[in-house]
Asks: 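Pasting a structure below so you can have a look.
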Protein chains: 2
Amino acid sequence: MQVSRVRFAFMQLSAQLLQQSQLKVTNARKVAIHFFEKEERPVDVEEILFHLRKHKLATDRATVYRMIDTFLDRGIITRLEFGEGKYRYELAGSDHHHLVCENCGRVEDISDCGIEAWEKKIKQKKHFLVKHHSLEFFGICKSCQ
Amino acid sequence: MQVSRVRFAFMQLSAQLLQQSQLKVTNARKVAIHFFEKEERPVDVEEILFHLRKHKLATDRATVYRMIDTFLDRGIITRLEFGEGKYRYELAGSDHHHLVCENCGRVEDISDCGIEAWEKKIKQKKHFLVKHHSLEFFGICKSCQ
DNA sequence: TATTATATGCGACTTATTCGCATTTGTCAA
DNA sequence: TTGACAAATGCGAATAAGTCGCATATAATA
């Protein structure tokens, strides 16, 4: 009961998000957004595909890639790189960065990066117009030490 | 004259670097390191290969990849990602980050990132041991604006 | 419920990267 | 200088990530 109500709420949220973005509300998209919401760490294409299939959706890889393009386009998700030779994605939102454990792969968020001061300086000194930035720390997490 | 003397000096440097790293001094490696030195912006595998071929070396792609692995291993070069779906490399050294122009692709260095304070904070607050970090700014460079 | 733009499935393709194996080549000691 | 050996290379095939064209299916809405 509890669970299904929660899931329903999630699905509502996904649908809303899609409608706001003027996208058709399809099952694959709803389930994918739900997946982005529930995962604590950024996910890759393979993980999205696997999750969709768990939900009995026969979604194709190409569809996932196109979905991602669309979501990036509408600013629903953000693309990240952790030096794995592939991209990871997370719901767009708060300005935050990551602590990536090189041992277990766990990804922790850190926020409030205070890098806006930097961007200002860069604009003044280098006349470079900063659109966005990426900041990741790599190392060993607490429990792996 | 001038040019060939300079080039010779570079080659000496490359050879030294290789010997210090206990690597065999081969033509491909010397020319590659020279290339890393002379390029202002981080290079990708294709560019390395192209440069080697310009120097009449029939180097194979696989060799370049293995060379890169070796150089990374010895800390001669550093691997970078600029959201292109592939890696770029530069000589390791100064602690610096990049301004990546999303229009022309030019990459400018910025140094003295003062992020050590951050790392300290992260260690204290999150008990995360930072080994290295990446910081890139994406936007539009002066001449593209 | 019919229309239509959009999303999807499928299959082939490109690009980045890796691997095994046979051959070549620096290095170093004799 | 030369011979031995580990290390480096070339080649070809394989994998993994991501893209594309086209025919079909399906949400949105009138």
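Letters A, B, ... are given to chains in the order of the sequence lines, protein chains preceding strands, and every chain is numbered from 1.
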Asks: Might you confirm whether atom CZ of A:R41 has over 12 heavy atoms from other residues, nucleotides or ligands at distances under 6.0 Å?
Replies: yes
Asks: In whole angstrom, what separates A:F71's CZ from C:dA7's P?
Replies: 10 Å
Asks: With a 4.0 Å cut-off on heavy atoms, is B:T70 in touch with a base, just the backbone sugar-phosphate, or nothing at all?
Replies: nothing
Asks: When all nucleic acid strands are considered with a 4.0 Å heavy-atom cut-off, which category describes A:A62: base, sugar-phosphate, or nothing?
Replies: base
Asks: Would you please classify the geometry between the B:F137 ring and the A:W118 ring as parallel, tilted or perpendicular, with 30° and 60° separating the classes?
Replies: parallel
Asks: Base, sugar-phosphate or nothing for A:R61? Non-hydrogen atoms, less than 4.0 Å.
Replies: nothing
Asks: What is the distance, rounded to the nearest whole Å, between atom CG of B:L72 and atom P of C:dT18?
Replies: 10 Å
Asks: Separation of A:R53 atom CZ from C:dT8 atom P, in whole Å?
Replies: 14 Å
Asks: A:D60 has a side chain; which of C:dG9, D:dC11, C:dT17 sits nearest to it?
Replies: C:dG9
Asks: Can you say whether the rings of B:H51 and B:H55 are parallel (under 30°), tilted (30 to 60°) or perpendicular (over 60°)?
Replies: tilted
Asks: Can you tell me if B:Y65 touches the phosphate of C:dT17, counting only side-chain N or O atoms and a distance under 4.0 Å to OP1 or OP2?
Replies: yes
Asks: If you count heavy atoms of other groups shown closer than 6.0 angstrom to NZ of A:K86, is the number above 12?
Replies: yes
Asks: Under 4.0 angstrom, heavy atoms only, what part of the nucleic acid is A:K24 near: base, sugar-phosphate, or nothing?
Replies: base
Asks: Let me know the distance between CD of A:Q19 and P of D:dA27, rounded to the nearest Å.
Replies: 13 Å
Asks: Above 12 or not: heavy atoms from other molecules or residues under 6.0 Å from CD of A:Q22?
Replies: no
Asks: Roughly how many Å is it from CE in A:M67 to P in D:dT19, rounded to a whole number?
Replies: 14 Å
Asks: How do A:L23 and B:A28 order along DNA chain D: which one's closest nucleotide is nearer the 5' end?
Replies: B:A28
Asks: According to a strict under-4.0 Å criterion, is B:T63 in side-chain N/O contact with OP1 or OP2 of D:dG10?
Replies: yes
Asks: C:dT8, OP1 or OP2 - any side-chain N/O from A:T59 closer than 4.0 Å?
Replies: no
Asks: To the nearest Å, how far apart are A:D69 CG and D:dC20 C1'?
Replies: 12 Å
Asks: Under 4.0 Å between any heavy atoms, over every strand shown, what does A:R66 touch: base, sugar-phosphate, or nothing? Just pick one.
Replies: base
